[in-house]
Protein chains: 2
Amino acid sequence: MSNIREVARRSGVSVATVSRTLKDPQRVSPQTRERVLKAVEEAGYRPNLLARNFSSGKSFAVMVLVPNIANPFFSKVIRGIEKAAQDQGYSVLLGDTKGEPTHEQFYAGMALTNQADGLIQLDSRYPFADKDAALAASVPMVNACERIVEDDRYPVVELDNSGAAQAMARHFIELGHRRLGIVTGPLESPIVRDRLAGFDEELQRHGLELNPNLVVNGEFTLSSGAEGAHKLLSGPIVPSAIFCMNDEMAIGAIHQAKKMGLQVPADVSIAGFDNIEFSQFTDPSLTTIDQPAETMGRYAMETLRKIIDGKPLKSSRTILPFELIARGSTSRCHD
Amino acid sequence: MSNIREVARRSGVSVATVSRTLKDPQRVSPQTRERVLKAVEEAGYRPNLLARNFSSGKSFAVMVLVPNIANPFFSKVIRGIEKAAQDQGYSVLLGDTKGEPTHEQFYAGMALTNQADGLIQLDSRYPFADKDAALAASVPMVNACERIVEDDRYPVVELDNSGAAQAMARHFIELGHRRLGIVTGPLESPIVRDRLAGFDEELQRHGLELNPNLVVNGEFTLSSGAEGAHKLLSGPIVPSAIFCMNDEMAIGAIHQAKKMGLQVPADVSIAGFDNIEFSQFTDPSLTTIDQPAETMGRYAMETLRKIIDGKPLKSSRTILPFELIARGSTSRCHD
DNA sequence: TTGAAAGCGCTAACAC
DNA sequence: GTGTTAGCGCTTTCAA
């Protein structure tokens, strides 16, 4: 591997000139530039970015903490992050945490050893270990799609989760449903609570209320959606409509409902959240809330970049709009 | 951020001793070790890995080129890569290429600027730009889940694709199917050709042959599966069974078949490939080929590591076993 | 067992 | 416009 000295030697200039030619060509004379570039070519020179980064004290990499990379919603968010990162000359380090604190701490720790200039946390936990908290205070971090529990020090890029849940409640109510079930995500998650609150709020606005027995806990997985539906549909009070807090759980729920001999939506309406691509291909296709996943990723990265560069943020909270997509899995209540 | 000099000063030893204490504690006396570790603690010192890596000339990162991160099969492969990478002290840089050469070249190029010590290519294209080929020759790379077209310089971790397709053909034949349709992946892909050949081979073994009119081209996406099924099911000869070369296309195909008023599997059997989690939750659940995705990722990373370290490989070709999972989407032919 | 010092490849301040 | 050089934080050889 040839280095900058080699190129300097070949072109008969100093290493500083080579460096300048590469970073800011305007600052060297055309003749010199040409000679240097020719030497670069001949030497097959590629700058050692490890050295450049070290020299500049930055890694130009960001660590993305994702609870579950197999979730297509997060895949889309990551795509958005990656595109924006590439535009800005950053690379993306992937940390699939499975929602486990030990993994989060491991990956978050990479920002403390200068392997990443900043963090994007897609989960709701403060990712650093307690013992690292002091050091971590100066690490640029943004939260996307979630909010870190009881910690408003970090900028957030999120959906209007409450509004989305309200819209979904309204959708059900307009279809005549009154016995509404919910399969939530993990209750530690602030956005799960937002959705729950929004849903409830809308019900109350219509003189209804959420029956606590019809709220079951899920984990954003296909199988937990199936389990949740099983609980709801075999309970003493059977809901006529079920709101699952992500599409995977909704797909699991539809599967389970059918397994129990019910028709969707004739016997029970089921809706999801996220609008992952699979949701168009279920039978029936899934009513859901569209989240602008890529945009969320992009905003998160752009926000993080500003923090890294010490630029001021217009706002520490970016709330993106949702869209309710009504498809075949919800219909008028047939009670 | 405190550095190694600060720790040296605090503990009254040289930076060399601090370095040794951290990398190989046995080589310093117990008393010194204790003092140094105490100073590390007090200073809140974390080694700057950017500097360490630069000094060692390695990034301890690998770049993973993935054609489509939203494909759950690849997510699982990446999980396997990441776990293995973590075990080996490596980090994972993500390069979502969308199958586009320009993206591949961009990300692959990062290995030429020392940002990655090696590459894992999950697609079938030689990822470097032509002009980089000379330099790239010394870049450690392994191919997983795919084989680079006409290039056997790189180790491969793959499935017994031909065997899997044979098994699927046998499955159909045993169920009495004779008019067999296929929705392939991109034909440039060697593994697609392997599967096609394997399928055909098995048919011939039973005195049958593949009707070229029943082979349509897909792109491993939900919508291309639906399109493929549409072509097949509306053609002059309608197959009684369709083999889709991944689960997403199969899910698209099932959706399309139902849309056209057909019952699956009563009117047409449909099978997939990969055994992604969604395949258990379709209606009917999907007959498919299970690929050990995480294991493939792990092996790829372990193999790459050996190349990076200059260790000999036992074999440059690792072929992993498949398993045919028969579910509800295939049944006896009802012609 | 420990310390002094060179060096990894690049950038940038400073001098000309 | 260009060159000289210090320095980024660490590892590692060489001496002691």
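Here the structure is a predicted model, which is why all the values come from computation and not from measurement. We name chains A, B, ... by the order of the sequence lines, and we start the count at 1 in each one.
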| field | Nucleotide C:dC10, atom P - distance to CG of A:Asn53 in whole Å | value | 12 Å

Name the atoms and distances for all side-chain donor-acceptor pairs under 3.5 Å in residues 127-134 of chain B, with sequence neighbours left out.
{"unit_1": "B:Asp132", "atom_1": "OD1", "unit_2": "A:Arg46", "atom_2": "NH2", "d": "3.0"}
{"unit_1": "B:Asp132", "atom_1": "OD2", "unit_2": "A:Arg46", "atom_2": "NH2", "d": "3.1"}

| task | Could you tell me which residues satisfy side chain to side chain donor-acceptor pair (under 3.5 Å) with B:Gln105, sequence neighbours excluded, listed by chain and number? | result | none

| said: Need the bend value for the helix from C:dT1-D:dA16 to C:dC16-D:dG1: angle between end axes, 5 pairs each end, nearest 10°. | reply: 40°

| field | Taking every non-hydrogen atom, the tightest pair across B:Ser75 and A:Ala70 | value | CB-CA, 3.6 Å

| Separation of atom CG in A:Asp24 from atom P in C:dC10, rounded to whole Å | 17 Å

| message | Rounding to an integer number of Å, can you tell me how far A:Leu50 CG sits from C:dG7 C1'? | response | 15 Å

| query | Does B:Arg9 pair with B:Glu6 as a salt bridge, N-O distance under 4.0 Å? | reply | yes

| note | With sequence neighbours left out, the residues meeting side chain to side chain donor-acceptor pair (under 3.5 Å) with A:Ser14 are A:Thr17

| Between atom CG in A:Asn114 and atom C1' in D:dC8, what is the gap in whole Å? | 11 Å

| request: Enumerate the residue pairs fulfilling salt bridge (Lys or Arg N to Asp or Glu O under 4.0 Å) with a member in residues 109-129 of chain B, sequence neighbours excluded, ordered by first and then second residue. | output: B:Glu104-B:Arg125

| message | Without decimals, in angstroms, what is the distance between B:Leu49 CG and D:dT11 C1'? | response | 13 Å

| Using a cut-off of less than 4.0 Å, is there contact between a side-chain N or O of B:Asn3 and OP1 or OP2 of D:dG9? | yes

| Residues that A:Asp87 engages under salt bridge (Lys or Arg N to Asp or Glu O under 4.0 Å), provided they are two or more places apart | A:Arg298

| Atom-pair distance (CG on A:Asn48; P on C:dC8), nearest Å | 12 Å

| request: Can you check each nucleotide of nucleotides 11-16 of chain C against protein heavy atoms at under 4.0 Å and return B for base, S for sugar-phosphate only, - for none, in 5' to 3' order? | output: SB----

| Results of side chain to side chain donor-acceptor pair (under 3.5 Å) for A:Glu158 - residues two or more places apart only | A:Arg147, A:Arg317

| Taking only residues two or more places apart in sequence, or in another chain, which ones meet A:Asn3 in a side chain to side chain donor-acceptor pair (under 3.5 Å)? | none

What donor-acceptor contacts under 3.5 angstrom involve side-chain atoms of residues 33-40 of chain A, with partners at least two apart or in another chain?
{"unit_1": "A:Arg33", "atom_1": "NE", "unit_2": "A:Pro25", "atom_2": "O", "d": "3.1"}
{"unit_1": "A:Arg33", "atom_1": "NH2", "unit_2": "A:Pro25", "atom_2": "O", "d": "3.4"}
{"unit_1": "A:Arg33", "atom_1": "NH2", "unit_2": "A:Val28", "atom_2": "O", "d": "3.3"}
{"unit_1": "A:Arg35", "atom_1": "NH1", "unit_2": "A:Ser11", "atom_2": "O", "d": "3.4"}
{"unit_1": "A:Lys38", "atom_1": "NZ", "unit_2": "A:Glu42", "atom_2": "OE2", "d": "3.4"}

| message | What is the distance, to the nearest angstrom, from the CZ atom on B:Arg5 to the P atom on D:dT11? | response | 13 Å

| note | Between A:Ser14 and B:Phe54, the residue closer to the 5' end of DNA chain D by nearest nucleotide is A:Ser14

| Residues forming a side-chain contact (heavy atoms from CB on, under 4.5 Å) with B:Asp151, sequence neighbours excluded | B:Tyr126, B:Ile148, B:Arg153, B:Tyr154

| request: For DNA chain D, determine which residues of residues 28-37 of chain A have any heavy atom closer than 4.0 angstrom to one of its atoms, and list them numerically. | output: A:Val28, A:Ser29, A:Thr32

| Whole-Å gap separating C1' (C:dG9) and CD (B:Gln115) | 14 Å

